[in-house]
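The next block holds one structure in the form of structure tokens; read it before the comments.
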Amino acid sequence: GLSDALLVGSCGQINEMAHKTITTIKTSGSRLLNLINDILDAASMQKGKLTIKHEKVNLERIVDDVLELCQPLAKRGVKMQNDVPGNIPYVIGDTGRIIQIFHNLIGNSCKFTH
């Protein structure tokens, strides 16, 4: 989106403070989108119309993406790392749902880690 364009320098070089602020905006937008999707999913479940996809899922990549998204939520000094082996076979599942689950788990762990 627009925040990605700013981060890669499409409007010129930005300083470190601006980079951090734009990253926070990007993360906040992603978290809001996830929350909206959670609400829509809950409504679909209540109606019995929740669709689950069956597709190949790369767990290592998903965990990398979720950790990157959640890193700004972690308290100072807390380092998150992906210990999913690079050679793990793909699993069959719904990529979006798995991302949603990992995001909720990792986001909650960030909130409650002291």
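Counting only heavy atoms from C-beta outward, the side chains of I92 and V57 never approach each other to under 4.5 Å. Contact of the I52 side chain with the L50 side chain is registered, since non-hydrogen atoms from C-beta on lie closer than 4.5 Å. At least one side-chain heavy atom of C110 sits under 4.5 Å from a side-chain heavy atom of M80. When side chains are defined from C-beta on, V91 does not count as touching N58, because their heavy atoms never get closer than 4.5 Å.
Listed by chain and number, the residues in a side chain to side chain donor-acceptor pair (under 3.5 Å) with D83 are Q81 (sequence neighbours excluded). Remark: D64 pairs with N82 by the side chain to side chain donor-acceptor pair (under 3.5 Å) rule, at least two apart or across chains. Residues that satisfy the side chain to side chain donor-acceptor pair (under 3.5 Å) test with T95, not counting sequence neighbours, are E55. Scanning for salt bridge (charged side-chain N to carboxylate O under 4.0 Å, His left out) contacts around D41 gives R97, with sequence neighbours left out. For D94, there are no side chain to side chain donor-acceptor pair (under 3.5 Å) partners at least two apart in sequence or on another chain.
Taken together through direct or relayed side-chain contacts under 4.5 Å among Ile, Leu, Val, Met, Phe, Trp and Tyr, F102 and Y90 form parts of separate hydrophobic clusters. L2 and I22 are members of different hydrophobic clusters when ILVMFWY side chains are connected at heavy-atom separations under 4.5 Å. If you chain together hydrophobic residues whose side chains sit under 4.5 Å apart, L67 and L7 never meet in one group. I99 is connected to I88 through a chain of hydrophobic side-chain contacts under 4.5 Å among Ile, Leu, Val, Met, Phe, Trp and Tyr, so both are in one cluster. No continuous path of ILVMFWY side-chain contacts below 4.5 Å connects I14 to I25, so the two sit in separate hydrophobic clusters.
Note that CD1 of I98 and NE2 of H103 are 15.5 Å apart. Values are rounded to the nearest 0.5 Å. Rounded to the nearest 0.5 Å, atoms OG1 (T23) and CD (E16) are 10.5 Å apart. Distance CG/N37 to CD/Q100: 7.0 Å, rounded to 0.5 Å. Going from atom NZ of K26 over to atom CD of E68 covers 6.0 Å, rounded to the nearest 0.5 Å. In this structure, E60 CD and I62 CD1 are separated by 11.0 Å, a value rounded to the nearest 0.5 Å.
Residue pairs that meet the salt bridge (charged side-chain N to carboxylate O under 4.0 Å, His left out) test with at least one member in residues 69-81, sequence neighbours left out, do not exist here.
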| said: Quick one, D65 with R61, criterion side chain to side chain contact (heavy atoms under 4.5 Å, CB included). Give me CA distance, side-chain angles, the key distance, then yes/no. | reply: CA-CA 6 Å; D65 292 346; R61 180 167 178 187; 4.0 Å; yes

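Here the shortest heavy-atom pairing between G107 and C70 reads N-SG, 4.1 Å. Considering all non-hydrogen atoms of both residues, A5 and S10 come closest at O-OG, 2.8 Å.
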